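A quick write-up on the structure given underneath.
Keep in mind that this is a model prediction, so the values were computed, not measured. No hydrogens, no waters, no symmetry mates; every other heavy atom, side chains included, goes into these values.
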Amino acid sequence: MDTVLREVTTEEVRILLDQFGLGAEQVKEDLFNLELPNGLRGHLITYGDPYVSSLQLRAGFSGFDRVEPRHLLNWNRRYRFSKAYFDADNDPVLESDLRLEGVTPEAIHAFVRDFGDQVNLFFSYLRMIDANLVE
């Protein structure tokens, strides 16, 4: 039976990320830079004190001037486990959240792995829009 995590600290999150081999760098108490398996970079943010109650994964991209709100709306309609939006600098961002209530380390690993897959798809989608291959 898998270990069910009920109270997770930021240090335990760091240890899990190291065990997953994700090249995580803790830059603040609640913020990690991640190198995703596809070579793209993202951030993992922890929420909750003294125990982490949720994780958020985020990846933003600059230099995609042809991306419009309708493109991100289409993404959000198609993919259930992430959301796309424009940040304050009008750059496209992909984000996903995981609530840590009775979750296993394997579920956290799957969350990060699946986000890496979605970031890869999202980046490809942005490149297709920029190349004028997507309406």
In short, salt bridge (Lys or Arg N to Asp or Glu O under 4.0 Å) pairs touching residues 41-57 with sequence neighbours left out are Glu35-Arg41
So salt bridge (Lys or Arg N to Asp or Glu O under 4.0 Å) across residues 10-23, not counting sequence neighbours, yields Glu11-Arg14, Arg14-Asp18
Residues which pass salt bridge (Lys or Arg N to Asp or Glu O under 4.0 Å) with [X], listed by chain and number, not counting sequence neighbours:
{"X": "Glu101", "answer": "Arg99"}
{"X": "Glu68", "answer": "Arg70"}
{"X": "Asp91", "answer": "none"}

So ring-ring contact (aromatic ring centres under 6.0 Å, His included) across residues 84-107, not counting sequence neighbours, yields none
His109 meets the side chain to side chain donor-acceptor pair (under 3.5 Å) criterion, sequence neighbours left out, with none
Validation row: Leu100, Ile108 side chains within 4.5 angstrom (heavy atoms)
yes
Under 3.5 Å, which donor-acceptor pairs do the side chains of residues 19-30 form with other protein atoms, sequence neighbours left out?
residue	atom	partner	partner atom	Å
Gln26	NE2	Lys28	O	3.3
Gln26	NE2	Glu29	O	3.2

Within one Ile-Leu-Val-Met-Phe-Trp-Tyr cluster: [X] and [Y], side-chain cutoff 4.5 Å:
{"X": "Val93", "Y": "Phe32", "answer": "no"}
{"X": "Phe81", "Y": "Leu36", "answer": "no"}
{"X": "Ile15", "Y": "Leu5", "answer": "no"}

Interatomic distance, CG@Leu72 vs CG@Leu94, rounded to 0.5 Å, equals 9.5 Å
The side chain to side chain contact (heavy atoms under 4.5 Å, CB included) partners of Arg77 (sequence neighbours excluded) come to Leu73, Asn74
Could you pull out every donor-acceptor pair under 3.5 Å between side chains of residues 114-127 and any protein atom, sequence neighbours left out?
residue	atom	partner	partner atom	Å
Gln118	OE1	Ser82	OG	2.4
Ser124	OG	Asn120	O	3.1
Tyr125	OH	His71	O	3.0

I'd like a table of donor-acceptor pairs (distance under 3.5 Å, sequence neighbours excluded) in which one partner is a side-chain atom from residues 54-66, with atom names and distances.
residue	atom	partner	partner atom	Å
Gln56	OE1	Tyr47	OH	3.2
Gln56	OE1	Arg58	NH2	2.3
Gln56	NE2	Glu95	OE2	3.3
Gln56	NE2	Asp97	OD1	2.9
Arg58	NE	Glu95	OE1	2.9
Arg58	NH2	Glu95	OE1	3.4
Arg66	NH1	Asp130	O	3.0

For Ser53 and Gly48, the nearest pair of non-hydrogen atoms, with its separation, is OG-CA, 4.0 Å
For Ala107 and Leu98 the tightest heavy-atom approach is O-CD2, 4.5 Å
Run the side-chain contact (heavy atoms from CB on, under 4.5 Å) test on Phe111 and Val103 for me, step by step, so that the C-alpha distance in whole Å, both residues' side-chain angles and the decisive distance to 0.1 Å come before the verdict. CA-CA 11 Å; Phe111 170 65; Val103 70; over 6 Å; no
- Query: Quick check: are there more than 12 heavy atoms from other residues, nucleotides or ligands sitting under 6.0 Å from CD of Glu135?
  - Reply: no
